[in-house]
Amino acid sequence: MPPLRDEMVAVRRYAELLSRHRGGADARPVARIQAALVTSGLLRRSAELHDALIRALAGSGTPHAALPLYAHLIRAGLLPTPHTLPSFLKSLALSPAVPGARRLALAVHAHAVRLGLTGFLLVNNALIRVHAGLLGRLPDAHLLLRASAAVDASTFNTLITAHARAGRVADARSLFDEMPERNAVSWSAMVNGYVQAGDGREALGVFSQMQAQGVRPDDTVLVGVLAACAQLGALEQGKWVHGYLRANNIRITVFLGTALVDMYAKCGEVQLGMEVFEGMKDKNVLAWTTMIKGLAMHGRGSDSLTLFSQMESSGVKPDDIAFIGALCACTHTGLVDKGRELFNSMVSNYGIKPKIEHYGCMVDLLARNGLLSEARDMVEKMPMKPDALIWGALMAGCRFHKNVELAEYVIKHWIELEPDKSGAYVLLGNIYSASGRHASAREIRHLMREKGVEKTPGCSNVEIKGVIHQFIVGDLSHPRIKDILTKWYEIDSRIRLEEGYMPDKKEVLLDIEEEEMEGALSRHSEKLAIAFALISTDDYMPIRIVKNLRVCQDCHHVTKLISKIYGREIIVRDRTRFHLFKDGTCSCKDYW
DNA sequence: CATGCTCTTG
């Protein structure tokens with residue numbers, strides 16, 4: 001029986017109503033409409049309504065709700081349309097945890113082929129995306145791409161993103177380079193790809209290329225640029241983005257605001273981050289967490305925890321990562337009891353099951369504060385198998401409190417998990433040297449050499465007039481290296497003469513022979529970076545250093561002395577936190 | 001249909 005005229009009008013009306021709910025996070029209105037359509041029997045007779053429902057749900061907070069609709073469509077004897085498939089495939093891609101999602105994706109692909117729908121650009125793109133993403137089959141995605149009759153920028157963009165997510169930036173880049181037409185999305189996919197790969201320099205390089213070609217930056221690419229600045233500690237460039245946003249009246253979305261807060265915090269200007277944060281209208285958990293973590297990194301533990309309570313009372317529910325931020329604040333400030341309290345509150349007030357990361361924070365907090373047996377207890381009793389990070393946290397505590405016995409217990413487990421990484425060996429060696437067991441330290445050094453264990457080289461960045469200069473330990477390739485070393489010798493003699501400095505050899509890299517130690521120490525990357533900053537900036541200008549590892553005792557001590565003698569503020573971001581050196585003291589109060 | 005923010009540790 002052909003549909004009645006009235007029925008066609010009703011279908012139109014409902015489809016129109018559903019299209020108004022597209023992209024709404026709250027899927028409840030859609031669910032109510034769906035229920036009405038099922039009761040009236042209308043849904044069973046209309047492919048168009050299936051289509052409208054799937055589209056409304058695909059962009060909602062519950063994309064998986066669209067999944068049963070496909071089977072419903074087929075059972076009702078109706079056929080998917082070229083409009084249905086892209087949204088449905090998107091719902092599938094967003095529901096990787098739903099059992100059978102992958103099988104369903106393959107079935108949809110088969111239908112699309114049989115019904116001759118693969119010629120539609122949007123269908124084809126969605127299929128390529130699902131192969132690259134949900135199905136994890138990049139080679140198949142490539143085959144589909146090569147076999148496609150028509151392809152547009154979004155097809156290449158999809159693959160660039162997929163490659164970058166899979167950690168293959170080089171492949172993403174070659175796709176990007178061979179694109180005949182790039183749009184703003186292509187550029188941001190590439191910038192963000194490099195950011196994800198941890199290559200902030202290359203990300204900024206791509207961005208300047210984008211500007212050179214006159215492509216107008218959109219807010220997505222600017223989020224990526226800010227993240228790159230945060231990684232590198234590139235404050236000047238980050239400020240430029242902020243200025244650009246203001247000059248062009250670009251609305252600070254939650255994404256942009258959060259990225260700005262993170263950039264300022266990670267570039268040592270947590271106060272500027274706070275101003276942006278306070279100006280943000282809608283703050284989600286992410287925004288709060290970023291600010292909480294930012295304050296924690298600067299050693300402002302109690303401010304950070306105050307903010308955490310403010311978040312709770314403002315009605316934003318902390319998630320597992322927000323708790324990591326708060327626990328971090330406790331770790332950087334030594335607030336053991338508060339940390340225990342938070343851990344318990346997470347479980348009993350919010351019903352969040354602690355993940356290994358939370359145990360990591362707790363082990364770190366306990367071990368660092370000398371509660372080594374309680375920390376060991378936690379490691380032994382935690383419900384999951386300890387990973388390398390857990391052992392690392394416990395080992396760091398052993399070093400801090402010179403506990404050789406526990407360190408020897410830890411190393412056995414740790415090396416089992418990471419036999420060819422240097423961290424475990426270096427720390428154990430440090431503990432041996434620090435407690436005067438030089439023969440054991442030498443043994444470790446031989447063991448490392450025998451096994452060919454790799455060390456992560458120390459590396460420091462310093463931004464001078466908007467340009468990032470990089471110094472790697474022992475690397476003398478900087479064009480002004482002669483001047484830098486001359487300056488270093490001057491610094492060295494001044495701190496010895498005026499402050500009675502003597503090098504502290506306890507934490508020197510292990511594969512360096514004793515007689516070379518002082519030379520190697522003086523070449524730790526941040527020392528070169530500070531010497532360079534002293535000769536390339538005006539007096540009284542603060543110096544900002546970003547380094548990839550933690551600061552060693554000796555460098556920490558030397559930096560304090562330099563800040564006093566040369567009257568400079570020196571802001572050092574190490575792997576996890578900030579140190580503000582001023583007048584011979586450090587904001588971390590020697591606790592790091 | 002394609003792009004974006006927070007996440008313990010050495």
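A:K355 has no side-chain polar atom (N or O) that falls below the 4.0 Å cut-off from OP1 or OP2 of B:dT8. One finds no side-chain N or O of A:Q196 lying less than 4.0 angstrom from the OP1 or OP2 phosphate oxygen of B:dT3. Considering only side-chain N and O atoms, A:R165 lies under 4.0 angstrom from the phosphate OP1 or OP2 of B:dT3. OP1 and OP2 of B:dC1 both lie 4.0 Å or more from every side-chain N or O belonging to A:R129.
In the interface, the side chain of A:D219 is paired with the base of B:dG4 through a donor and an acceptor atom under 3.5 Å apart. Applying the 3.5 Å distance criterion, the base of B:dG10 shares no donor-acceptor pair with the side chain of A:R399.
Note: CG (A:D387) to C1' (B:dG10) measures 13 Å, nearest angstrom. One atom, CG of A:N284, and another, P of B:dT6, lie 12 Å apart when rounded to the nearest Å. To the nearest angstrom, P of B:dT3 lies 13 Å from CG of A:D218. Computed from coordinates, the A:L85 CG to B:dA2 P distance equals 14 Å when rounded to whole Å. In this structure, A:M190 atom CE and B:dG4 atom C1' are separated by 15 Å, rounded to whole Å. Nucleotide B:dG10 holds its C1' atom 12 Å from the NZ atom of A:K547, rounded to whole Å. The separation between A:M384 atom CE and B:dT8 atom P is 16 Å, rounded to whole Å. Here the C1' atom of nucleotide B:dT9 and the CG atom of A:D574 are 12 Å apart, to the nearest Å.
Under the side chain to side chain donor-acceptor pair (under 3.5 Å) criterion, no residue pair touches residues 287-296 of chain A, with sequence neighbours excluded.
Nucleic acid contact class of A:A396 (heavy atoms, under 4.0 Å, all strands): sugar-phosphate only. Using a 4.0 Å heavy-atom distance criterion, A:E418 is classed as a base contact. Within the nucleic acid shown, A:K283 has no heavy atom closer than 4.0 Å to any nucleic acid atom. Residue A:T331 is classed as having no contact, given no heavy-atom separation below 4.0 Å to the nucleic acid. No contact: A:T155 has no heavy atom under 4.0 Å from any strand. Residue A:R182 is out of contact with every strand shown, counting any heavy-atom pair closer than 4.0 Å. Residue A:D320 is out of contact with every strand shown, counting any heavy-atom pair closer than 4.0 Å. In this structure, A:N183 reaches the bases: a heavy-atom distance under 4.0 Å links it to at least one base atom across the strands shown. Within the 4.0 angstrom heavy-atom criterion, only backbone atoms of the sugar-phosphate kind lie near A:T290; the bases stay farther away.
Under the 4.0 Å criterion applied to side-chain N and carboxylate O atoms, A:R376 and A:E380 are assigned as salt-bridge partners. Salt bridge annotation for A:R173-A:E178: absent, with no cationic side-chain nitrogen under 4.0 angstrom from a carboxylate oxygen. A salt bridge links A:R550 with A:D574; the closest basic N to acidic carboxylate O contact falls under 4.0 Å.
Listed nucleotides: B:dG4, B:dT6, B:dT3. Nearest to the side chain of A:S188: B:dT3. Out of B:dT8, B:dA2, B:dG10, the shortest distance to the side chain of A:V185 is found at B:dA2. Picking from B:dC1, B:dT8, B:dT9 the nucleotide with the shortest atom distance to the side chain of A:I324 gives B:dT8. When distances are taken from the side chain of A:W414 to each of B:dG10, B:dC5, B:dT3, the shortest belongs to B:dG10. Side-chain proximity of A:T220 to B:dG4, B:dT8, B:dC1: nearest is B:dG4. Nearest nucleotide to the A:K266 side chain, out of B:dT9, B:dC7, B:dC5: B:dC7. Of the candidate nucleotides B:dT3, B:dC5, B:dC1, B:dC1 has the atom nearest to the side chain of A:K90. Candidate nucleotides B:dT8, B:dC1, B:dA2 were compared by shortest atom distance to the side chain of A:N157, and B:dA2 ranks first. Set against B:dG4, B:dG10, B:dC1, the side chain of A:P86 has B:dC1 as its closest nucleotide. Of the candidates B:dC5, B:dC1, B:dT9, the closest approach to any side-chain atom of A:S87 belongs to B:dC1.
Under a cutoff of 6.0 Å and an axis angle of 45°, A:K283 and A:F277 form a cation-pi pair.
A:V241 places none of its side-chain heavy atoms less than 4.5 Å from the side chain of A:L256.
Residues forming a side-chain hydrogen bond (donor to acceptor under 3.5 Å, both in side chains) with A:Y359 (at least two apart in sequence, or on another chain): none.
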